[in-house]
Structures are given as structure tokens and as C-alpha cells.
Amino acid sequence: MQSVPAEYYLALSAVMFALGILGVLLRRNALVVFMCLELMFNAANLAFITFARLYGSVSGQVVVFFVMTVAAAEVAIGLALMVEIFRNKRSIDIDQMNSMKG
Amino acid sequence: MLLNEATSAAPIFGLAPALVFLPLAGLLINLIFGKRMREGVVGAVASLAVGLTFVLALIFAATLAGNPESVSYRFLEWIRIGTLDVNWAFRIDTLSVTMMLVVSGVGTLIHIYAIGYMHEDVRHNDDPGRFRRFFVYLNLFIAAMMILISADNYLMLFVGWEGVGLCSYLLIGFWFEKGKDGIANAQAAKKAFVVNRVGDFGLLIALFLMFAYFGSLDFSVVFEKAPAVAAATPGVLLAMTLFMLLGVAGKSAQIPLYVWLPDAMAGPTPVSALIHAATMVTAGVYLVVRSTPLYILAPGAQSAVMWVGAATAFFAATIALGQPDIKKVLAYSTVSQLGFMVAAAGMGAGVAAMFHLVTHAFFKALLFLGAGSVILGMEHGAEHGSAHDKHNEHGSSHHDFDPQDMRNMGGLRKRMPLTFAVYLIGALALAGVAPLAGFFSKDEIILSAQHTNMGVFILLIVSAFFTAFYMGRQLLLIFFGSARTEPAGAAVESKPVVTAPLVVLAVLSALGGALNLPGVYSLEHWLEHTLAHVAPGEFSIATAGISLAVALLGLFLAYLVYGRKFTAKPQADPLSGNFLYGMLENKWKIDELYDTIIIRPYRGLADFLSNPVDLGVINNLSAGLAWLMQATADLLRRTQTGFVRSYALVVFIGVVLILAFILVR
């Protein structure tokens with residue numbers, strides 16, 4: 001079986017990452033922003049795994065598990081915040097959450 | 001050498017720290033328990049503490065009489081940084097023991113006298129609670145003075161030097177809320193402190209130079225290395241000794257820094273006697289005599305010391321001629337006599353200086369204490385008179401009356417016979433009438449001057465003449481004739497606790513000349529173990545005759561001028577009414593001169609620094625800095641929009657820039 005070249009994975013990772021950044025910068029819906037963040041995480045994970053496979057090292061794969069754990073915790077807190085904010089403001093448009101301006 | 005000293009020293013010298021700690025113990029007892037003790041007990045504790053110090057000094061003197069080698073007793077290590085090594089060490093030699101005997105001996109007598117004097121004084125000033133405070137200060141003074149004279153290095157000497165300065169300040173301002181406008185006493189204390197600070201600055205510079213060039217502040221090391229330094233860099237030694245002279249001028253009230261001493265008479269009379277006549281002000285003379293090995297190597301500084309002393313002796317004696325205040329006359333007389341001592345020290349006649357220091361301590365303490373007794377008598381007379389005349393206005397009239405003005409006195413010879421007798425002895429001793437103490441000591445100084453410099457000799461002879469004249473004037477104004485005011489007529493003799501020390505001091509003043517009698521020279525043989533280069537003593541009948549004749553002439557002229565003007569009313573001085581006497585009365589307007597050339601420009605500078613510089617420049621500078629901060633913050637505030645997405649954009653741009661930098665590099 002012919003394996004897919006590593007460059008393809010990395011290109012996919014880069015595309016995912018770019019999409020994630022664009023989403024974070026451009027979208028106003030907090031939930032979508034969160035999803036874009038997850039996209040960036042997973043782009044990074046994909047890059048990790050690609051290199052782990054390429055160099056035959058297991059440490060890259062270990063890091064991916066850590067990232068996934070932390071991301072899960074982060075999403076739990078983030079969603080809880082989001083629910084709270086929605087209860088107060090009836091909206092999760094992040095541009096309306098600017099009361100901390102200087 | 002040091003080891004040798006330590007091993008051969010008698011074990012008794014281990015008691016040396018007690019010289020300082022005995023007065024400190026008296027101080028602490030009075031400070032802690034004094035509130036519940038009666039006045040007599042407070043005074044007795046203080047006097048006993050100093051008395052025991054005197055006994056200890058006597059023991060040291062007796063031990064040194066057997067084996068007169070200098071002893072250095074190291075008590076505590078104080079500073080050890082790099083090459084600087086300073087200990088609290090005691091130096092017991094014939095010179096320091098002489099000073100110890102004078103300080104603690106005269107000090108004890110004055111403590112005893114003060115028990116009686118302050119009893120009256122605190123009641124006269126309506127604050128009996130301050131009795132204890134007075135003795136606490138007095139004991140603190142003795143402790144500081146002991147540190148000064150027993151020091152084995154210049155830094156410990158400086159500690160004592162500052163300590164006695166502090167006590168002087170505290171005691172001049174003892175009645176700090178009294179005096180003219182309720183502020184004169186406090187101002188006198190401040191003046192003494194500030195003027196002394198100028199002198200102390202000089203002494204400090206001398207110490208810095210000493211450390212820089214000798215690497216040590218110990219007497220023995222400094223004196224040992226002095227010839228080498230003098231040979232290599234004579235300018236340094238000259239500067240060192242001249243800066244030291246500035247310190248001496250401050251502490252021993254010499255031109256140009258003598259102005260604080262006459263004002264210091266604002267303190268209670270025992271203070272004037274102890275600190276501002278007998279002991280503290282002689283510290284400068286002691287310093288010069290102690291530093292003789294340095295001064296000998298700097299002839300320029302020596303002649304500067306000599307001329308400063310002689311000029312002060314003459315100048316202060318002229319001012320004393322025109323003072324109406326009994327204590328002011330004595331104050332200027334003290335300045336003048338200190339001038340004699342400093343001149344002698346400058347001529348290298350250390351023995352003569354120390355001899356005069358000792359006899360002067362006797363008779364000037366006697367005169368001040370006698371003056372205190374006279375003042376007490378006058379105050380008694382004033383209070384008695386006012387209580388007698390106006391029953392309902394008790395105590396109000398004696399505040400207008402000046403019990404220290406000699407023009408208000410007269411005829412006290414009959415009212416206070418014992419005070420008169422001792423005062424007469426003191427005055428004649430000061431005037432230099434043979435065979436009282438002052439004759440011998442002053443004669444020795446004048447004889448040295450004759451060998452050294454004719455100009456100084458003439459200045460000193462004239463000063464001696466003035467001395468006799470103003471003492472004759474004082475005697476005649478106070479004790480002779482008839483009472484010129486009612487209080488003088490009602491004056492009463494003081495109590496035995498006041499007069500007993502006077503009698504002891506009178507005996508010392510009369511017999512003090514025996515210390516260094518021509519032909520025997522016991523003081524000289526005593527001091528030659530400590531002072532190198534002691535010239536052999538001599539006695540010239542001609543010089544002695546001149547100085548005695550001058551003294552008698554002064555007294556006689558005083559009698560001619562003041563002896564016949566005994567009227568019943570206060571009156572102007574017979575010499576007054578002309579420009580010269582007006583200048584004398586106004587102390588040559590030196591205070592005004594200093595006010596014009598130093599104090600006012602200084603105030604102006606201070607005002608300038610305060611208003612345009614501090615309020616204008618510095619204040620605006622800090623205010624401007626604050627404004628700049630605020631403006632910057634205002635600008636930067638704009639970047640905090642509160643939009644999370646813009647923060648994310650900034651982070652993103654930042655990351656891109658960093659990556660670009662890493663890649664391009």
C-alpha cells in the first residue's frame with residue numbers, strides 16, 4: 001500500500017490553521033470562534049502527528065493527547081462562560097462584550 | 001609595643017570603662033527611678049556617680065605616679081572595615097588623667113552646688129519637675145566628656161566631642177521656653193549647636209585626611225607615621241592641622257567661632273561653670289596639646305594656632321570691659337582665657353597650656369558659681385521685696401528686674417560675706433595676682449610668648465591688663481559701695497550646699513599654683529611622660545614682675561574709675577557715652593557683622609533655593625513628569641478597545657512578525 005506523502009498532511013494542517021485564524025478574526029459569533037479555535041488546535045495536532053510518523057518518534061503523539069485534554073477542559077470552561085453571558089446579554093456576539101475597554 | 005604595654009599595665013586599668021559607665025549609671029538611675037525620689041536623693045545619686053569617677057581618676061593618677069608609662073586598654077572592637085580598624089580603647093596617661101581629675105573633680109563640686117542652686121532655680125522658673133532632668137543631662141555630659149578625654153583614637157575622641165556638644169545644646173536650652181520673647185534661650189542653644197557644627201566639620205575633614213594618609217586614627221600610629229608623611233607631603237599635614245584648628249575654634253570658642261559662648265550663658269549657672277568655663281570648652285586645648293606631635297611638624301599651623309589664640313585673648317578681653325551682665329563678663333573672660341591656652345598650645349608650650357587649663361577650671365568655676373550665688377541672692381531679694389510691697393501682685397514684678405545686671409547690685413559685700421570672700425579670691429586669681437593660681441599659670445604662658453614672638457607677648461600682656469581691669473570693675477560694681485536697688489539691699493547669703501563647693505574651689509584657686517611651682521615643676525615632670533618636646537621650665541623675675549605689675553595696675557585703674565561712683569541709684573557706666581565704649585558694649589557688633597555677611601546671604605540663598613528652585617524648578621519637574629505619564633497613558637488607553645477580535649489580530653500580527661524575523665535572519 002502506497003502511503004500518502006507527509007507534505008499533503010502538512011499542507012492540510014496549514015490550510016486548517018489558516019481557516020481557523022480567519023474564523024477567529026472575522027466571525028462575531030462566539031460559538032463559531034470557539035469552533036475555529038478547535039480547528040487551529042487540530043491543525044497543530046495534525047502537524048505533530050505527521051512529524052511523529054515521519055521521524056518515528058512517539059513523543060509527538062504524546063503531546064497530541066495533552067493538547068486534546070487541555071482543549072477539552074478549555075471548551076468546557078468556555079462553553080460555561082458562553083451560557084452565562086447569554087443568560088445576561090441574550091446574545092453571544094463577541095463585539096458586544098467590550099465593557100473592558102480602556 | 002602595644003603588647004608590651006598591655007602586659008606591663010597594672011590590672012587596675014581594666015576599670016577604665018567605669019570612667020564612662022559610672023556617670024551613665026547615675027543617669028539611668030535618675031532617669032528610671034528619679035520620679036519617685038526626692039530632690040536631695042536625685043542630686044546625691046548624680047553627685048555620687050561623678051564623685052566615684054573622681055576617686056577612680058585619683059586611683060589611676062596614683063598608679064601612674066608609680067609607673068608613668070602610657071597605657072592603652074582596649075575595651076570593645078567598634079569598626080573593622082578593610083584597613084580601617086577602630087576600637088573603643090581607653091588611653092590612660094598623665095595627660096588624660098590630668099583632664100580626668102579636672103573634669104570629675106570640678107564636676108563633683110558643681111554637681112553638689114547644683115543641688116542647692118537648681119532647687120531655687122526650678123522654683124523661680126515654676127517647674128520643679130525639671131530638677132531631675134537637669135542632673136540627667138549633667139551626668140550625660142560627664143560621661144561624654146570622659147569618652148572624649150580617655151579616647152585612644154581620634155574617632156572615639158570625636159564621639160565624645162559630639163556628645164559634649166549635644167549636652168551643651170540641651171543644657172543651654174534647659175529653660176527653652178524662657179528668655180526674651182520666650183525664644184531667646186532656644187535660639188542661644190541653636191546658635192551654639194550650629195556654630196559648633198562648623199567647627200566639627202573642620203575636625204571631620206582632618207580625620208578624613210588622617211585616615212587617607214595614615215591609614216589609621218589611633219594616636220600612637222598617627223604620631224608614629226607623622227614624620228614620614230610630613231617629609232613626603234607637608235601640605236597634607238598643614239591642611240590636617242589647620243582643619244583641626246577650625247574644630248578647636250568651634251569647641252574652644254576662638255575667633256572666628258567664639259560667638260556662641262557668650263550666648264550660652266542662657267543656661268543655668270552651674271552649666272556655665274561646668275561646661276562653658278571649666279571643662280567642655282577646654283576640649284579644644286586638650287586636642288591641640290594631644291596632637292602636639294602633628295603640630296610640631298607643621299610650623300605654619302602652629303603659628304596660626306598661636307595667633308588665633310592671642311587675637312582671641314585680646315579681642316574678648318576688650319569686649320568683657322563693656323558688659324553690664326555679670327555672667328557675660330565671665331563668658332568673655334572665658335573666651336579670653338581660652339585664647340591664652342590656645343596661644344600657649346600653639347607656641348608648643350603644652351605644659352603651660354595644661355597648667356592654665358587646670359587653674360582656670362578652678363577659678364573660673366569658682367567665679368561662675370559665685371556669680372550664681374550672687375544671682376540667687378538677688379532673686380531672693382527681689383522676691384522678698386515684691387512680696388513685701390505688693391501682696392496682691394506676688395511674683396509679677398521680679399520678672400522685669402534683671403538680677404544679673406551688675407548696675408543693679410552694689411554693697412553685696414555685707415549681705416553675702418562668704419560669697420564675697422571666695423569671689424575675691426577667684427577674681428584675684430583670674431587677674432593674675434601673686435601668689436594665687438592664675439599668676440603662675442598665666443606667667444608661664446606670657447614667658448613662653450616672650451621667647452617666641454614679641455607681638456603675641458604684647459597682645460597677651462595687654463589682655464592680662466584688661467583682665468585685671470574688668471575683674472576689678474566687676475568686684476567693685478557687685479560687692480562694694482552701697483546697694484543701688486532694693487533687691488540688692490535685701491539680698492541674702494546662699495545655703496551651705498551652695499557655698500561649700502565655693503570654699504573648696506577657692507582653696508584650689510588660691511593654692512593651684514603649687515601644681516607647677518617654679519623650681520619644682522611637678523606638673524611638668526608629670527606631663528613630660530606623655531608630651532614629647534617639653535621645654536625645661538624656667539622662671540623670669542622680670543616677666544613675672546611685668547605681669548604682676550600689669551595686674552595690679554589694672555585693678556588700681558578699675559578702682560579709680562569705679563571706686564568712687566557709689567551712688568544709691570542704678571546709673572550708667574562712668575566710661576560710657578563715647579563711641580569706643582559703645583562698640584565694646586555692642587561686642588564690636590560682631591554678631592551683626594556675621595548676620596550681614598553670613599546669615600543673611602545664607603537665608604537669601606535658602607529663600608532662593610526654596611522659592612524659584614524648589615517650588616519652581618523641582619516642583620514643576622515632578623509635576624511635569626506626572627503629567628507626561630498621564631498623557632502617555634491617555635494615548636495608550638485608546639489601544640484597549642475591548643474587542644477581543646482586535647486583540648487576536650494584534651497577537652496574530654505579532655506572531656507573523658516574529659516568524660518573519662526568524663526566517664529572514
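Just so it is clear: chains get the letters A, B, ... in the order the sequence lines come, proteins before strands, and each one is counted from 1.
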Does atom CH2 of B:W78 have more than 12 heavy-atom neighbours from other groups under 6.0 Å away? yes

Kindly give the heavy-atom pair with the smallest separation between A:N98 and B:T641, and that separation in Å. CB-O, 4.1 Å

Give a yes or no on this: more than 12 heavy atoms of other residues, nucleotides or ligands lie within 6.0 Å of atom CZ of B:F75. yes

Mark yes when over 12 heavy atoms from residues, nucleotides or ligands other than A:Y9 sit less than 6.0 Å from its OH; otherwise mark no. no

Sort by residue number and list every residue of residues 14-34 of chain A having at least one heavy atom under 4.5 Å from chain B. A:I21, A:V24, A:L25, A:L26, A:R27, A:R28

Residues, nucleotides or ligands: over 12 heavy atoms within 6.0 Å of B:Y213 OH: no

Counting neighbours of CZ on B:R197 that are heavy atoms of other residues, nucleotides or ligands and sit closer than 6.0 Å, is the number greater than 12? yes

Mark yes when over 12 heavy atoms from residues, nucleotides or ligands other than B:Y169 sit less than 6.0 Å from its OH; otherwise mark no. no

Using non-hydrogen atoms and a limit below 4.5 Å, what part of residues 68-96 of chain A faces chain B? A:I94, A:D95

Is it the case that over 12 heavy atoms from other parts of the model lie below 6.0 angstrom from the NZ atom of B:K178? yes

